[in-house]
Protein chains: 2
Amino acid sequence: MKESIDLTSKLMAQGYRLTPQRMMVLSAIQKSDNHISAEEIYAQVVAGYPCVNISTVYRTLELLKRLDLVTETDLGGGRVRYHPADKGHHHHLVCQECGRIIDLGETVLASLGNRLHREYGFRADLKHLAIFGRCADCQG
Amino acid sequence: MKESIDLTSKLMAQGYRLTPQRMMVLSAIQKSDNHISAEEIYAQVVAGYPCVNISTVYRTLELLKRLDLVTETDLGGGRVRYHPADKGHHHHLVCQECGRIIDLGETVLASLGNRLHREYGFRADLKHLAIFGRCADCQG
DNA sequence: GTGGAGTCTGCAAGTATTCGCAGTTACGAT
DNA sequence: ATCGTAACTGCGAATACTTGCAGACTCCAC
């Protein structure tokens, strides 16, 4: 696994350690092919290492987020989900009627990002964004 | 106050009642000129009517939201704020460095909304949206 | 190998919000 | 007037997450 070497150096460079807990959180995220919630990560970690605390999972997620190893998507109503950063960015259209989630290519919001930068000098973090509304099937 | 007559009929039309609690929640939102949190609404309501419960405030907010009397903006990290619907829609650029909130005109996202509808058949609810990133002063 | 500084973790308490329940209240029908 | 149904409320518990604290571990210098 060259990922973990890469990861170790990334952590070391900033004075952090690669603990078993952190490895397991990261591997849980890598294993899941779509977005995963903190609870689900916790469940997976506990399965292989029972004495970990949920707050450690949250703290690890925050750290990985800061290091740009995972990105977080707020799907509203307190449901936050995580995704490995190296699997590409994308956005979500969340239907508030049927709960369906439509993936949106990274490029769709690029022009918005440019405009915000031009007009407001604002560097928008458009890695993962959720936009709420109603999908084609739920209108009327 | 012709608002409350309007409100009463709006509620009645769907089988709801206009209770003192609901009036106070709505008036607290109307009084505040910018966005207000649920806690702040609760504090104002309790000041004039001490035996109201915080969960009633949340339930009322949900109802008013459904009736399009207030809109809600999720400023991330569980901080949700409310705003009367009749005072116009707008969006927010939230600086994650200094916490500054820049207001964005309603029109800036109109073209995005159109595009989502054209390409995905998705009716985006772009009444209040928060976009995270870094403001001009906090870059570098 | 000893000591110290700093990181990391588990625990328990706190925050913001939601939910189920049971009692109260209002309104329409009789 | 009174009865039934449905809305509404307060309460307390649950959820999802965050935070402060104290102890444990690691790395580095000596």
Side-chain angles (χ1 to χ4, degrees), chain A residues 7-26 28-29 35-46 48-67 69-70 72-82 96 99 130, chain B residues 7-26 28-29 35-46 48-67 69-70 72-82 96 99 130:
Chain A
L7 174 56
T8 307
S9 59
K10 253 193 180 175
L11 287 167
M12 292 308 236
Q14 305 189 38
Y16 298 113
R17 298 185 208 142
L18 181 62
T19 63
Q21 287 94 330
R22 286 177 181 173
M23 272 174 61
M24 297 201 65
V25 169
L26 198 70
I29 299 171
H35 296 66
I36 187 170
S37 73
E39 280 298 310
E40 287 162 352
I41 293 167
Y42 177 59
Q44 280 205 36
V45 172
V46 163
Y49 198 117
C51 58
V52 223
N53 196 274
I54 183 89
S55 58
T56 301
V57 173
Y58 281 111
R59 273 187 288 233
T60 302
L61 286 170
E62 214 187 294
L63 176 65
L64 296 175
K65 223 164 62 189
R66 261 209 311 283
L67 297 174
L69 290 163
V70 307
E72 156 191 280
T73 305
D74 188 348
L75 295 182
R79 293 177 310 151
V80 183
R81 304 197 145 250
Y82 300 88
Q96 289 178 307
Chain B
L7 174 56
T8 308
S9 59
K10 252 192 180 175
L11 287 167
M12 292 307 236
Q14 306 189 37
Y16 299 113
R17 296 183 209 145
L18 181 62
T19 63
Q21 287 94 330
R22 285 178 182 174
M23 273 174 61
M24 298 201 63
V25 169
L26 197 69
I29 299 171
H35 296 67
I36 187 170
S37 72
E39 280 298 311
E40 288 161 352
I41 294 168
Y42 177 59
Q44 279 205 38
V45 172
V46 163
Y49 198 116
C51 59
V52 225
N53 195 275
I54 182 88
S55 57
T56 300
V57 173
Y58 281 109
R59 273 188 289 234
T60 302
L61 286 170
E62 212 187 296
L63 176 65
L64 296 175
K65 224 164 61 190
R66 259 210 311 284
L67 296 174
L69 290 163
V70 308
E72 158 192 278
T73 305
D74 187 348
L75 295 182
R79 293 176 310 151
V80 182
R81 305 198 143 250
Y82 299 89
Q96 287 177 308

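Convention: sequence-line order gives letters A, B, ...; per-chain numbering from 1. Worth saying up front: this structure is predicted, and the values here are computed from it rather than measured.
- Residues A:Tyr49 and A:Met23 fail the side-chain proximity criterion, which asks for heavy atoms closer than 4.5 Å.
- Per the geometry, CG belonging to B:Leu11 stands 14 Å off C1' belonging to C:dA26, to the nearest Å.
- For A:Glu40, the salt bridge (Lys or Arg N to Asp or Glu O under 4.0 Å) partners two or more places apart in sequence, or in a different chain, are A:Arg81.
- For C:dT18, neither phosphate oxygen OP1 nor OP2 lies less than 4.0 angstrom from any side-chain nitrogen or oxygen of B:Ser55.
- Taking the side chain of A:Thr19 as heavy atoms from C-beta on, and the options C:dT17, C:dC8, D:dG10, the nearest nucleotide is C:dC8.
- Distance, A:Glu62 CD to D:dT19 C1': 10 Å, rounded to whole Å.
- Nearest-nucleotide mapping onto DNA chain D: of B:Cys51 and B:Gly15, the residue sitting toward the 5' end is B:Gly15.
- Put simply, CE on A:Met12 is 17 Å from P on C:dG6, counting in whole angstrom units.
- Within the structure, every side-chain polar atom (N or O) of A:Gln21 is placed at least 4.0 Å from both OP1 and OP2 of C:dC8.
- Residue A:Asn53 places at least one side-chain N or O closer than 4.0 Å to OP1 or OP2 of C:dC11.
- Annotation: side chain of A:Thr73 is in contact with side chain of A:His35 (closest heavy-atom distance under 4.5 Å).
- Put simply, A:Arg17 has no side-chain N or O that comes within less than 4.0 Å of OP1 or OP2 on C:dG6.
- Taking atom OH of A:Tyr42 as the reference point, atom C1' of D:dT15 lies 14 Å away to the nearest angstrom.
- The interatomic distance linking A:Met23 (CE) with C:dC8 (C1') rounds to 16 Å, in whole Å.
- Note: CD1 (A:Ile54) to P (D:dC17) measures 8 Å, nearest angstrom.
- Contact check for A:Val25 versus A:Thr56: no side-chain heavy atoms found under the 4.5 Å cut-off.
- As rounded to whole Å, 6 Å separates atom C1' of D:dC8 from atom CZ of B:Arg22.
- Listed nucleotides C:dT9, D:dG10, D:dA7 differ in distance to B:Val52; the shortest reach to its side chain belongs to D:dG10.
- Toward the 5′ end of DNA chain D lies the nearest nucleotide of A:Glu39, the other residue of the pair A:Arg59 and A:Glu39 mapping further downstream.
- Not one side-chain nitrogen or oxygen of A:Tyr58 sits closer than 4.0 Å to the OP1 or OP2 atom of D:dT18.
- Nucleotide C:dT17 holds its P atom 6 Å from the OH atom of B:Tyr82, rounded to whole Å.
- A heavy-atom distance below 4.5 Å is not found between the side chains of B:Leu63 and B:Leu69.
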